[in-house]
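Just so you know, these numbers use all the heavy atoms, side chains as well, and skip hydrogens, waters and symmetry mates. All of these numbers come straight from a predicted model, not from anything done at the bench.
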Amino acid sequence: MSGWDEIYPLPVLPAWVPGAAAGIVSMYLIQRVIFPYFWADLRYLLKVLMYGLRVETYRLQGRIITILDKFVKLAEKQPHKPFLIYEGKVHTYWDVDRRSNRVAQVFLHHGALKKGDTVALLMGNEPDFIHVWFGLAKLGCVVAFLNFNVRSRSLLHCVSSCEPKILVVGADLLGTLEEILPDLQKDISVWIMTKDSTFSSVHTLLDKIEAASEDPVPVNRRSANNLKSSVLYIFTSGTTGATCVLKKKFSASQFWSDCKKYDVTVIQYIGELCRYLCSQPVKEGEKNHKVRLAVGNGVRNDVWRDFLNRFGSVKICEFYGATEGNICFMNHTGKIGSVGRTNFFYKLFFPFDLIKYDFQKAEPIRNKHGWCEKVKKGEAGLLISKVSAKNPFFGYAGNKRHTEKKLLCEVFKKGDLYFNTGDLMVQDHENFLYFWDRIGDTFRWKGENVATTEVSDIIVMLDFIQEANVYGVSVPDHEGKAGMASLILKQNTSLDLEQIYKQVVTYLPSYACPLFLRVQDKMEMTGTFKQQKFRLVDEGFNPSTITDPLYFLDNSKKAYVLLTKEVHEMILSGKIKL
């Protein structure tokens, strides 16, 4: 062996190499223990910054890239790629581009629309929703997406707030149109997605689309001149990109078979959707699909775990955000239950805080100096986001009062301004954020926002109701909160459950109809003369602890029925479906 050593001497490492290697390993171990999410946070932050820099570059160049611009560019690049798949039929980028051109041509010649005019769209899930939207956008119109679940007075309010020149209505929503048509502003032109009409002074659209030219309209018609230009008004929620598989209605029993059939790789969810899927009977081959990513919000921890166990290694990206807000979070690490993470760098670009909140007075707590106070880690606080030139809040269309209500002034120092999200959140010691509850006059049920004032306004229209206090109550194993109304009857009147049922199902979307009623002798008020909701929410709908009469909306009987202990137990056990 000594001879070989003389011929091929073994290399001797410099003295500093082992020390450097040990240092690198030590730094790696320290990073893993003290900053376990460092690289994941860095990758996420770099992606956010890259998007921000791209938008800023476009702004400096005077370029504004909208969804329509992106679509048209992709239609030129990949005309035969599927864009929408609906009821088994494939609509390519080219198909959608051509049909939206037809829509644009119809309104260019028949609609008397000019650049910047608003058009309200009341349509369900169907390809022509996209065609009409893109066609109007090609004319430079601002399109207002109306929630097709909203009815009557609430729908009229939405229409009037966006001040449209034209209202386009889907063929399956003519009943909703009939309800509001007599009270609709006379200067609004109504178009329906049919070939003929029984309504006087209502225009048909489908026949004109089929006869129209497919030629594109001039590009300079498009309306987005800067980042503050109005492009959409949104009264509902939801987003799509890439090839989209669209269905008229969600079906839990067919969901995974549809995913397999169309090779779906990304799904969008609300918490209830995941729960519905987990509630389905177990089937063989449930993990045999190509879905790799689920993006959405509102999934409970237990449902989250059950979903992963049953349906495979799907990465769930829970997020928090609002269309009108100036702050959002994304769970990029997959931490169960969290809506995202924060750190020093994130707060540097998107400043926010969690502040103490007075549940009794329904307002932020201010100290003796008049300033708000931040909560400690692990405590629930009201999420507020700083408003600045970099993080603006544009407000609500046509409603200055509601815009002002969402702003908090003089929060931590003189002159500062914050957007009030209306949501309570918790930040843990690892800087993960968790949605805790919603405050104020809204709650979520069936994945939809319910405005308590909207519901109470409908109920007090009844001549025997003096006052209605509407709030949300928790139901075990259900996401969100179910609607409940505390009622005060007028003197010398009696409760008419049949009339209440008829009133709410006629004028409210199904998710907004109160599931529970509570009849009280008097209405409790806060110190600022607002309806007291906190104690009512806390007491819930348990007939064993509440002495007031309680009633339950039994959909199987299409009526409100007395909420007995037996009915209450059946609701909790899941024998009665909500």
Take a 6.0 Å sphere around [atom1] of [X] and say whether it holds more than 12 heavy atoms from other residues, nucleotides or ligands.
X	atom1	value
D521	CG	no
Q280	CD	yes
Q503	CD	yes
E373	CD	yes
K502	NZ	no
K377	NZ	yes

Check whether any side-chain heavy atom of [X] sits under 4.5 Å from a side-chain heavy atom of [Y], and report yes or no.
X	Y	result
P514	I459	yes
Q520	L536	yes
L417	L408	no
F393	T403	yes
Q466	L489	no
F148	M123	no
L205	T194	no
N420	L407	no

With under 30° as parallel and over 60° as perpendicular, where do the rings of [X] and [Y] fit, or are they tilted in between?
X	Y	answer
W256	F307	tilted
F145	F129	tilted
F350	Y346	tilted

Minimum heavy-atom distance [X]-[Y], with the two atoms named:
X	Y	answer
G337	N301	CA-OD1, 3.0 Å
L383	T421	O-OG1, 2.7 Å
F464	T493	O-OG1, 3.5 Å
M193	A171	O-CB, 3.5 Å
L122	N147	CD1-O, 4.1 Å
V190	L184	CG2-CD2, 3.5 Å

Kindly say whether [Y] contributes a backbone atom to a donor-acceptor pair with the side chain of [X] at under 3.5 angstrom?
X	Y	result
D496	Q499	yes
N331	K335	yes
H478	P476	yes
K356	V375	no
N309	R305	yes
N555	K558	no

| task | For the pair V245 and Y86, evaluate side-chain contact (heavy atoms from CB on, under 4.5 Å) and give the outcome as yes or no after the intermediate values. | result | CA-CA 6 Å; V245 180; Y86 180 75; over 6 Å; no
With a 4.0 Å cut-off, would you call [X] and [Y] a salt bridge?
X	Y	answer
E539	R518	yes
R153	D183	no
D187	K165	no

| request: Quick one: do Q427 and L354 satisfy side-chain contact (heavy atoms from CB on, under 4.5 Å)? Show the steps, please. | output: CA-CA 8 Å; Q427 180 177 337; L354 302 179; 4.0 Å; yes
| query | Does the salt bridge (Lys or Arg N to Asp or Glu O under 4.0 Å) test come out yes or no for D463 and K490, once each step is laid out? | reply | CA-CA 8 Å; D463 56 11; K490 290 181 179 178; over 6 Å; no
Would you compute the distance between atom [atom1] of [X] and atom [atom2] of [Y] and round it to the nearest 0.5 angstrom?
X	Y	atom1	atom2	result
I546	D548	CD1	CG	7.0 Å
H332	C317	NE2	SG	9.5 Å
C372	I355	SG	CD1	4.0 Å
K315	L308	NZ	CG	12.5 Å
L572	E569	CG	CD	7.5 Å
E379	L424	CD	CG	12.5 Å

cation_pi([X], [Y]) dist<6.0 Å, angle<=45:
X	Y	value
K347	F352	yes
R151	Y507	no
K533	Y471	no

Please check if any side-chain donor atom of [X] sits under 3.5 Å from a side-chain acceptor atom of [Y], or the reverse.
X	Y	result
N449	R444	yes
K386	N326	no
S152	E179	no
Y320	D423	yes
Y434	D428	yes

| task | Begin from the C-alpha positions of Y418 and E410 and carry the test side chain to side chain donor-acceptor pair (under 3.5 Å) through to its verdict. | result | CA-CA 9 Å; Y418 281 78; E410 315 279 307; over 6 Å; no
| query | Is the F541-F516 ring centre distance short of 6.0 angstrom? | reply | yes
| task | Given side-chain contact (heavy atoms from CB on, under 4.5 Å), test L517 with I500 step by step and report yes or no. | result | CA-CA 10 Å; L517 302 178; I500 294 179; 4.1 Å; yes
| remark: side-chain contact (heavy atoms from CB on, under 4.5 Å) test vs Y551 passes for just one of L495, L563, L515, L487, namely L495
| Criterion side-chain contact (heavy atoms from CB on, under 4.5 Å) against S338, the qualifying member of F432, F435, F329, W304 | F432
| request: Give the intermediate values and the outcome of side-chain contact (heavy atoms from CB on, under 4.5 Å) for residues C274 and L277. | output: CA-CA 5 Å; C274 296; L277 294 177; 5.6 Å; no
| query | Taking it one step at a time, do D477 and R275 satisfy salt bridge (Lys or Arg N to Asp or Glu O under 4.0 Å)? | reply | CA-CA 9 Å; D477 298 323; R275 186 175 69 83; over 6 Å; no
